[in-house]
Amino acid sequence: MIYDRALPRAERLRMPWARDVALEVAKQYGVCIRPVALKRIDLQTGQSEIIDVPCGATMAAVCPPCAQRNRQLRMAQCREGWHLDHEPAITPDEPNDEQRWLIEFRADMQARRDAAEQAEEDTTDLDAVLSGLDGEINAAGMRGNVLGRTTAKRTRSTRRRQDTPDLPRRKMADTTLGRTFTSSGGKVYRPSLFVTLTLPSYGKVRDGVPVDPETYDYARAARDALHFSKLVDRFVQNLRRVAGYDVQYFAAVEPQKRLAPHLHMAIRGTLPRTEIKQIAAATYHQVWWPPADQVVFDGEHLPVWDEQAGYVNPATGEVLPTWDEALDQLDADETAEPLHVIRFGTQMDVQGVLAGTPDADQCIRYLSKYLTKSLGESLSADNQSRRDHAARLAEALRFEPCSPTCANWLRYGIQPKGAKAGMAPGRCRGKAHKPEALGYAGRRVLVSRKWSNKTLAEHKQDRRTWVLEALGQPDQSPDPHRYVWKPVPAGDANVAPLAVRLLRTVAERQRWRAHMAQLEAQAAGQGLSATEQTARAA
């Protein structure tokens with residue numbers, strides 16, 4: 001570091017670090033500040049090169065440029081699918097010769113395995129062959145498993161609870177599009193909905209903090225957050241049954257001030273507001289898990305791991321029931337009640353939205369507003385009462401089972417699914433138990449399969465194609481089977497320092513921006529729109 005020593009020390013300390021300025025400039029130009037160096041090997045020529053791949057972070061606290069790019073992709077995905085006026089064409093490709101041959105070979109191996117099993121011979125080698133074939137089948141471009149579900153699915157009565165009103169059920173139409181309305185002038189309107197759903201109250205709150213923490217129902221709040229994603233699934237099922245068509249949606253999960261998750265959902269098509277509210281009021285999800293209200297093992301009195309039997313009672317040596325055995329006992333009990341029943345709260349909002357209006361753009365921005373932030377970022381660093389509220393919620397979540405594999409089941413005398421040595425109550429590493437998750441471990445963005453008829457990767461490719469056309473460069477997507485990607489070990493001499501790589505990328509972005517600015521200036525001079533000028537340049 002070289003600087004004028006004659007300057008006073010206080011003045012020198014006010015000077016920004018050059019490295020920090022370089023990072024800020026990289027962020028300004030949308031350059032990933034945490035690129036991953038990968039070695040790309042060309043199988044045709046044998047040549048290899050080091051390429052920086054963006055980290056792809058979705059949280060702005062990790063990498064703001066990547067988070068902003070992902071947010072823009074989600075906004076484009078939401079915009080393209082919300083008011084779609086044609087049915088998405090999703091037709092599987094016809095199987096090729098290689099795929100047919102793999103299935104035929106799989107059938108032959110299955111017959112040999114079945115014959116060996118009937119002859120009471122060892123089938124270990126044949127099972128390994130079948131497992132490898134299943135992997136090759138998926139690698140050849142086929143989805144799913146040839147055998148489908150191989151284990152029996154637990155089923156329960158589908159009778160609705162007596163404390164929940166019934167819903168109308170319309171005949172399903174083979175469409176994903178909602179109703180259209182034609183005005184007297186012949187203009188066709190295709191309205192859609194923007195719905196906000198919340199969870200019920202757990203106690204009176206003020207500015208997101210319980211007025212009386214002692215009476216606030218943290219246990220229920222914790223369980224509702226853990227199973228919120230299942231409740232959303234039930235709402236979509238009921239919505240489609242009532243609407244009578246395959247309703248498509250784009251939704252985002254965000255935390256409220258009180259730290260409870262709530263849902264913003266863009267819905268293609270429209271229904272009367274009263275029906276939407278009836279559907280939300282009649283939607284519930286029952287968690288059919290073993291009882292978790294009576295503590296069996298606590299403190300230093302915890303189950304002990306046995307290599308042969310699993311976890312056993314340290315006092316009696318009795319083997320704890322496995323997860324499947326506990327569910328069998330629950331199924332056999334005709335008087336059993338679900339562990340938890342989750343419902344939506346009474347507060348909800350339903351808005352009608354038309355395509356191309358400012359309201360639609362505002363809703364899209366609102367949907368993506370918090371996608372670059374973690375759930376825990378809603379906590380204010382200078383608000384001690386909110387931090388205390390979050391700490392009490394985290395404590396309620398600490399011993400609450402988050403999944404069948406959660407270590408907290410040992411606390412209630414049950415071996416978790418897939419139990420292994422070293423598990424202990426209160427030490428589950430599941431996402432739901434992390435303080436920043438606030439109990440919600442599901443996806444932040446929920447998109448139905450027929451929303452925009454494109455995957456997120458295809459939306460990304462559309463943006464890439466547009467930029468390349470604007471820059472006058474051909475869009476030549478490389479053959480994915482031509483290259484092999486390998487991680488570069490730390491300290492590799494062929495990888496330039498991070499600062500050098502960032503500066504190189506910034507220089508490239510500068511050239512791109514200069515070219516785009518030139519195109520915009522030409523478009524303004526010729527009275528053309530940016531889109532028309534881009535098309536002419538391409």
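The analysis underlying the following values was restricted to heavy atoms, covering all of them including side chains, and did not include hydrogens, waters or symmetry mates.
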So, T58 and R444: side-chain donor and acceptor under 3.5 Å apart, yes or no?
no

Is the closest side-chain heavy-atom distance between T270 and S192 below 4.5 Å?
no

Close side-chain approach of K204 to D212, heavy-atom, < 4.5 Å
no

Going through the checks in order, is the side chain to side chain contact (heavy atoms under 4.5 Å, CB included) test met by V350 and L193?
CA-CA 7 Å; V350 183; L193 293 175; 4.1 Å; yes

Could you check D293 against R223 for salt bridge (charged side-chain N to carboxylate O under 4.0 Å, His left out), going step by step and ending with a plain yes or no?
CA-CA 12 Å; D293 297 321; R223 288 186 176 178; 2.8 Å; yes

Is R411 positioned over the aromatic face of F297, cation under 6.0 angstrom from the ring centre and no more than 45 degrees off axis?
no

Can V304 and Y311 be said to form a side chain to side chain contact (heavy atoms under 4.5 Å, CB included), step by step?
CA-CA 5 Å; V304 179; Y311 282 95; 5.9 Å; no

Here's one to test your reading of the geometry: is the NZ or CZ of R268 within 45 degrees of the ring axis of W82 and under 6.0 Å from its centre?
no

Check ion pair K450-D246 (N to O, under 4.0 angstrom):
yes

Are any non-hydrogen side-chain atoms of Y29 and T505 less than 4.5 angstrom apart?
no

Could you walk me through whether Q329 and D333 pass the side-chain hydrogen bond (donor to acceptor under 3.5 Å, both in side chains) test, one step at a time?
CA-CA 6 Å; Q329 295 176 7; D333 186 359; over 6 Å; no

Is the ring pair Y216/Y202 parallel, tilted or perpendicular, if the boundaries are 30 and 60 degrees?
perpendicular

In terms of side-chain heavy atoms, does D324 have a donor or acceptor partner in T322 at a distance below 3.5 Å?
no

I'd like to check L259 versus R386 (side-chain heavy atoms, cut-off strictly below 4.5 Å). Are they in contact?
yes

Could you tell me how the ring of H285 sits relative to the ring of H227: parallel (under 30°), tilted (30 to 60°) or perpendicular (over 60°)?
tilted

Check whether any side-chain heavy atom of F235 lies under 4.5 Å from a side-chain heavy atom of L197, and answer yes or no.
yes

Per-pair distances, 0.1 Å, donor-acceptor, side chain in residues 275-282, under 3.5 Å, sequence neighbours excluded:
residue : atom : partner : partner atom : Å
E275    : OE1  : R170    : NH1          : 3.4
E275    : OE2  : R170    : NH2          : 2.7

With side chains defined as the heavy atoms from C-beta onward, is the minimum distance between L73 and L456 less than 4.5 Å?
yes

